[in-house]
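Report on one structure; see the data block that follows.
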Amino acid sequence: MDRDLLSIDDLSPGELGQLLELSAKVKAQPGDYADRLAGRSVAMIFEKPSTRTRVSFEIAIASTGGHPVPLSSADLQLGRGETIEDTGRVLSRYVQAIVLRTFEQERLEVLASAASVPVVNALSDFEHPCQCLADLLTIKEVKGELAGKIVTYLGDGNNVTHSLLFGGAKAGMHVRAGTPPGFEPIPQVVQRASDIAAETGGSVTITHDPIEASRGADVLYTDVWASMGQEAESDERALVFPAYALDAEKVAVAAPDVTVMHCLPAHRGQEIASDVIDGPHSVVW
Ligand code: NVA
């Protein structure tokens, strides 16, 4: 079936729960899934750098019996002006799914409509749905359940925040984002996540107060202040964000058993303190 995963919002709350249950089973008994993708190939196109996502996809595809085909746009004719539509049409003749890491979300949508095989978002400027699925699985493992838990994101209202807002709301969590003024998640995402939370018993709170955001949190989460493609803004952002760093002050006001998370790559001493990322509350590693 040609079902894409471009956004966490492509999954119903029930489907999200089923995917997390399946993920836990695969993780516990990988041998039971060793030939699930036998005879199938998956193209993985990276238009931005990647460490964890690229390795995760490649290992996951190979360890379920499939054949991963990692591609960078520099290697493809895409880098010489072939359209994403034509790339999708051609790849659909060879592979059974396409994974894409790119800039605009629209590029994923265009690829998905041209391709006849499923397309998976491996990060765009708008969302990082697979990161969110992995994070929810981790939170479930550590806390036992998702519904009712408070997850606080501190820092830039970016792709990772958007997916966490959608995913946390679908799981019935209380999702808070503490960002500097001007760096909030986009209003349409906040609205949609709030609507979802109203159905699931969760809630969404956006604030500029990082301490209030952190108070009583079960999970504290952060990400880089300047995402891929925003490197030129790094110095300017470094002036605005320090109050939102995930440091001992935030951990002190959170729940006593708070879990600390970061999607990585991390910049110690900027968005997260060294003693926090490498400390006893961290499940980053
Ligand atoms: N917000 C970050 C996430 C990296 C995994 C970025 O887009 O660069």
Side-chain angles (χ1 to χ4, degrees), residues 5-9 44-60 70 72-74 99-109 111 119-139 151-168 175-180 182-186 188-190 193 206 210 213 219-238 240-242 244-246 260-272 276-277 282-285:
L5 179 61
L6 307 188
S7 164
I8 283 285
D9 200 19
M44 303 158 45
I45 307 173
F46 286 88
E47 299 191 311
K48 285 179 175 177
S50 175
T51 299
R52 282 149 289 274
T53 304
R54 148 115 201 224
V55 175
S56 298
F57 269 104
E58 190 159 346
I59 299 293
S72 80
S73 41
V99 171
L100 174 63
R101 167 167 290 194
T102 191
F103 293 85
E104 303 85 21
Q105 182 76 6
E106 194 196 346
R107 222 164 143 69
L108 278 150
E109 286 159 9
L111 175 66
V119 172
V120 177
N121 179 359
L123 181 146
S124 67
D125 292 343
F126 179 63
E127 264 207 71
H128 197 359
C130 296
Q131 176 70 47
C132 179
L133 290 172
D135 291 335
L136 293 178
L137 181 63
T138 298
I139 297 170
V151 57
T152 294
Y153 175 95
L154 295 172
D156 182 31
N158 61 17
N159 44 8
V160 168
T161 326
H162 292 161
S163 292
L164 198 60
L165 280 163
F166 286 144
V175 191
R176 302 177 185 164
T179 75
F183 295 92
E184 301 86 357
I186 69 168
Q188 293 89 328
V189 172
V190 175
I206 310 297
V219 178
L220 289 175
Y221 194 117
T222 193
D223 183 15
V224 292
W225 292 338
S227 286
M228 289 179 275
Q230 298 173 331
E231 289 78 4
E233 298 171 30
S234 295
D235 291 349
E236 198 185 315
R237 284 171 174 251
V240 182
F241 280 92
Y244 298 84
L246 207 179
V260 166
M261 300 177 74
H262 189 310
C263 60
L264 301 176
H267 301 88
R268 289 174 174 76
Q270 291 189 32
E271 77 274 1
I272 193 159
V276 172
I277 191 170
S282 172
V283 295
V284 172
W285 308 113

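The figures here come from the full heavy-atom set of this structure, side chains too, leaving out hydrogens, waters and symmetry mates. Indexing begins at 1, ligand by ligand and atom by atom, following the structure's order. Everything quoted here is computed from the prediction, not taken from an experiment. Residues: numbered from 1 along the sequence shown.
Contacts with ligand 1 closer than 4.0 Å are made by side-chain heavy atoms of Leu123 only, the backbone lying farther away.
For the ligand labelled ligand 1, residue Leu264 lies inside the 4.0 Å heavy-atom shell.
Panel note: side chain Arg101, backbone Leu123; no donor-acceptor pair is recorded below 3.5 Å. Side-chain atoms of Ser163 do not come within 3.5 Å of backbone N or O of Val160 as any donor-acceptor pair.
Remark: the Thr102 side chain and the Glu47 side chain contain an N/O donor-acceptor pair separated by less than 3.5 Å. One side chain, Asn158 or Thr161, offers a donor N or O that lies under 3.5 Å from an acceptor on the other.
Below 3.5 Å of separation, one finds an N or O of Asp223 facing an N or O of ligand 1. Below 3.5 Å of separation, one finds an N or O of Ser227 facing an N or O of ligand 1.
With ligand atoms numbered from 1 in the order given, ligand 1 contributes 1 (N), 2 (C), 6 (C), 7 (O) to contacts under 4.0 Å with heavy atoms of Asn159. Counting atoms of ligand 1 from 1 in the listed order, those under 4.0 Å from a heavy atom of Met228 are 6 (C), 7 (O), 8 (O). Of all atoms in ligand 1, numbered sequentially from 1 with element shown, those under 4.0 Å from a heavy atom of Asn158 are 1 (N).
Ring orientation note: the planes of Phe126 and His162 are tilted relative to one another, at an angle of 30° to 60°.
Residue Glu233 places its CD atom among more than 12 non-hydrogen atoms of other residues, nucleotides or ligands, all under 6.0 Å distant.
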